[in-house]
Amino acid sequence: MDWTSKIRIIVCVAVMAVLSGCSVSYKFNGASIDYTKTKTIQIADFPIRASYVWGPMGPMFNNELKDQFANHTRLTQVKRNGDMKIEGEITQYTQRNKSVSSEGYSAQTELTMTVNVRFTNNANHNEDFERSFSASQSYETTRSLNSVQEELVSQMCKSICEEIFNATVANW
């Protein structure tokens, strides 16, 4: 073996040793919060203001929203005077026929939930907003709403809470 071959082997071994000792870690929770300025968040319970109501929907939504921020940020949730504040109401919960079968009967029904959100960022009021977020889920009309309602509302709550999270702290 000549010098060139030995140097190549030594360089390759050294590079492998360095690379195996390094690790790169990425966090894709989406939060872009300056924790030096923002330490707390106030999340109010969202009352149901829709004309059609399913009782468990309110607590399901409120818990999902609070869990979203608890699981994906280091913000402390407070009852009042938060650095960030999220409040609003569930404004709509409706169902409508989505598709018709060849016999002329409803084949699918679409369930929709809409939430109005008011967001205040006391560290940067340029980020404040008020807007609505909606989610829909469909189910076969051969099934009753009672048999699918809990699962569909849970999916809609999760979807809306992710949208609220992205709009408030992810800046997407």
Once side chain to side chain donor-acceptor pair (under 3.5 Å) is applied, do any residues pair with [X], and if so which ones, sequence neighbours excluded?
| X | answer |
| --- | --- |
| T36 | D34 |
| E150 | none |
| Q77 | none |
| T141 | S106, T109 |

Counting only pairs under 3.5 Å, give me each side-chain donor-acceptor contact of residues 50-57, with atom names and distances, residues two or more places apart or in other chains.
none

Pairs meeting criterion ring-ring contact (aromatic ring centres under 6.0 Å, His included) with involvement of residues 128-153, two or more places apart: F119-F129
Reported [atom1]-to-[atom2] distance for the pair [X] and [Y], which is rounded to 0.5 angstrom:
| X | Y | atom1 | atom2 | value |
| --- | --- | --- | --- | --- |
| K79 | N81 | NZ | CG | 13.5 Å |
| N124 | T38 | CG | OG1 | 8.5 Å |
| E151 | L111 | CD | CG | 11.5 Å |
| S159 | I164 | OG | CD1 | 9.5 Å |
| Q108 | Q137 | CD | CD | 11.0 Å |

Main-chain N/O of F165 paired to T168 side chain as donor or acceptor, under 3.5 Å: yes
Just jot down the salt bridge (charged side-chain N to carboxylate O under 4.0 Å, His left out) partners of R96, sequence neighbours excluded, or say none. E110
Suppose we screen for salt bridge (charged side-chain N to carboxylate O under 4.0 Å, His left out). Which residues come up paired with E162, at least two apart in sequence or across chains? K158
May I have the step-by-step check of side chain to side chain contact (heavy atoms under 4.5 Å, CB included) for H125 and T120, ending in yes or no? CA-CA 7 Å; H125 285 289; T120 306; 3.8 Å; yes
Donor-acceptor pairs under 3.5 angstrom involving side-chain atoms of residues 60-67: please list them, not counting sequence neighbours.
residue : atom : partner : partner atom : Å
N62     : OD1  : F46     : N            : 2.7
N62     : ND2  : G58     : O            : 3.0
N63     : ND2  : P59     : O            : 3.2
K66     : NZ   : D45     : OD1          : 2.7

For residues 82-93, dump all side-chain donor-acceptor pairs below 3.5 Å to protein atoms at least two apart in sequence or in another chain.
residue : atom : partner : partner atom : Å
D83     : OD2  : K39     : N            : 2.7
D83     : OD2  : T40     : N            : 3.1
D83     : OD2  : T40     : OG1          : 3.3
E89     : OE1  : R118    : NH1          : 3.4
E89     : OE1  : R118    : NH2          : 3.2
E89     : OE2  : N116    : ND2          : 2.9
E89     : OE2  : R118    : NH1          : 3.0
T91     : OG1  : T114    : O            : 3.3
Q92     : OE1  : T114    : OG1          : 3.2
Y93     : OH   : Q149    : OE1          : 2.7

Taken in chain and number order and not counting sequence neighbours, the residues that satisfy side chain to side chain contact (heavy atoms under 4.5 Å, CB included) with T142 are E140
For A135 and I160, the nearest pair of non-hydrogen atoms, with its separation, is CB-CG1, 3.7 Å
Considering all heavy atoms of both residues, which atom of C157 and which atom of M113 are nearest to each other, and what is their separation? SG-CE, 3.8 Å
Joint cluster assignment, L75 & V78, ILVMFWY side-chain distance < 4.5 Å: no
